[in-house]
Amino acid sequence: MNKPTNHKKPTDFGVLFKHSLDDQLPQTKVKRLKNTVLVAFRQSQIDTSPHATEEKFIKNRSFFNKLILRPMIPVIIAIALIITGTGTAIAADQAKPGDALYPVDRAIERVTYNFAFSDTSKANMLVKFAAERENEQKNLTEAGRIADAQQASVDTKQALQNAAEVIARVQEENQESSQTRAGQALNTVEEKLLELQNRFTERQREEVKNRVKNAVGEVEIEATTKNGQTTVIIKFHSQEIRYTLNTTDNDAIIASVQERTGLGTDDIRALIRVTADDSSTADTETDDTPGSEETPANINTDTNTPNLTNQNNNLNYEHNYNSNYNNGVNNDFNYNFNGNTSSGSQNADQGSSANGQDDQDQNRNINESGD
Amino acid sequence: MDPEKNKILELVAHAQAGDEFSMGELFERYHQAIYRFHAYRVGSAEDAEDLTQTTFLEMVRSLPQYHPRAGISFSSWLFSIARYRLIDYYRRHANNIPFDKVSPDEYTRMQSDTTNPDYDSRIPMIRRQMRQLPENYQTILQLTLLEGLNLREAAHAMKISSLHARVLKHRAIKKLKSLMPEYSFNYEQTDQP
């Protein structure tokens with residue numbers, strides 16, 4: 001066996017190793033590198049003491065931060081979760097009926113309501129919710145989502161009712177315990193509620209008005225209560241119907257309007273604008289008071305008016321419309337008006353009989369209570 | 001004490017005081033060793049150059065914190081910096097550098113070395129197989145066999161105990177030999193270029 005001569009002993013491993021590591025940095029590169037290092041060195045000499053201490057401080061602080069942050073990691077995760085959760089809640093807050101997040105919105109409201117501390121804040125919250133419902137209704141109507149808007153309308157009504165109930169209950173409780181401060185706070189809440197209710201009815205009115213306008217044309221109904229009597233003015237197209245009732249009961253007024261127009265009760269309720277003439281009602285509760293003399297002569301509406309055909313008829317109206325009234329009526333709409341006076345009085349009779357019944361009932365009740 | 005070591009300690013002290021010439025001298029003394037240390041490990045000459053530069057910049061930055069210790073050379077401190085730069089580099093290029101491969105320019109350089117009277121066919125093999133060793137095996141072999149640091153200094157550079165360094169070195173050599181069984185370090189082995 002030939003002994004290889006060019007091989008070194010195992011002890012020469014280090015030598016072999018060394019030969020495998022003969023990389024050299026080229027001289028040009030060495031010069032450039034040295035230059036860079038020396039420039040850095042000079043730079044480090046220029047910014048010495050004050051900056052050095054500052055740097056040291058920063059270094060220490062970063063170490064401190066690391067130390068602080070490590071146990072904070074779960075806390076940070078928790079905060080992140082809360083933020084994302086809150087994000088969903090905020091997103092849900094904007095949800096409207098028909099939206100995916102709407103149930104979340106309502107659930108959050110319920111939870112917040114249950115966390116409310118005092119009764120006043122609960123009432124306040126309910127008013128806030130009602131305002132939200134009302135706003136949703138407005139947005140949906142504007143967006144043209146009719147079905148959802150109707151749902152929102154129902155919800156708003158319910159929310160307003162809830163708020164009113166709670167406020168009434170809390171008011172009672174406050175009166176019992178004579179908590180004036182709580183009462184004051186509640187009053188502001190109640191004011192808010194009233195404002196909201198007004199806005200809601202106003203919007204309802206607008207909506208119904210538009211609907212009726214689309215179906216038959218523009219209808220305006222005004223009712224003025226005075227001295228226990230109500231003057232109702234119905235304006236339709238360019239015609240006007242004016243009549244007076246011997247009652248201030250809303251249902252009776254609405255029934256009478258329905259009699260004449262055939263509109264739905266709810267629509268009338270929304271459309272009708274009832275104003276109370278306080279100046280005369282204040283001093284004239286009965287016919288005997290001198291204030292009754294101030295009542296305008298054109299309202300000959302008393303039960304003993306001779307020109308009435310029926311003694312029970314406590315209803316008078318004037319037909320200011322002309323003959324083309326009927327012709328202007330849209331066929332789609334079942335309008336109850338009749339052009340001639342006789343049938344009109346018939347209608348009036350029917351309407352008044354019902355109203356008379358109501359009045360009789362009322363009188364009976366008064367008598368019973370008087371006994 | 002070794003005059004060379006004294007000279008280096010003097011240079012370090014001057015450099016710490018802000019003497020630019022001393023700093024340049026230190027660079028002259030160590031740049032080849034640091035470059036070698038990196039070039040051997042990363043394969044690419046440009047990367048080795050970059051690593052050398054960052055090592056020296058880091059040295060400039062942390063020179064004020066250096067305290068000479070008896071029996072420990074300045075180079076072991078410098079190599080510890082170099083090693084951290086290298087580990088940093090590994091971390092950044094973990095996905096795109098095949099460490100067990102020898103780059104083409106490196107290979108041609110090895111081939112041209114055949115004219116060298118000291119040429120041994122095992123030399124490129126050693127270099128290739130070294131890349132497959134764990135990082136600390138490579139470092140201990142380089143520091144002790146190539147740069148001539150004693151075990152204590154190498155241990156200091158690697159922040160391990162002297163005993164650990166000795167064991168590490170032994171294991172590294174054993175592992176390297178086992179990686180190239182056909183190139184046994186025995187007389188009987190025939191040469192096959």
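These figures come from a predicted structure and were not determined experimentally.
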Rounded to the nearest 0.5 Å, the NZ atom of A:K34 sits from the NE2 atom of B:H31 at a distance of 9.0 Å
Indicate the atoms forming the closest heavy-atom contact of [X] with [Y], along with that distance.
{"X": "B:L57", "Y": "A:T36", "result": "CD2-O, 4.2 Å"}
{"X": "A:F41", "Y": "B:D19", "result": "CE2-O, 3.5 Å"}
{"X": "B:E49", "Y": "A:L33", "result": "O-CD1, 4.3 Å"}
{"X": "B:F27", "Y": "A:V30", "result": "CE2-O, 3.7 Å"}

[X] [atom1]: over 12 foreign heavy atoms closer than 6.0 Å:
{"X": "B:K159", "atom1": "NZ", "answer": "yes"}
{"X": "B:R69", "atom1": "CZ", "answer": "no"}
{"X": "B:R29", "atom1": "CZ", "answer": "yes"}
{"X": "B:K175", "atom1": "NZ", "answer": "no"}

Applying a strict 4.5 Å limit to non-hydrogen atoms, the region of B:D50 in contact with chain A is neither
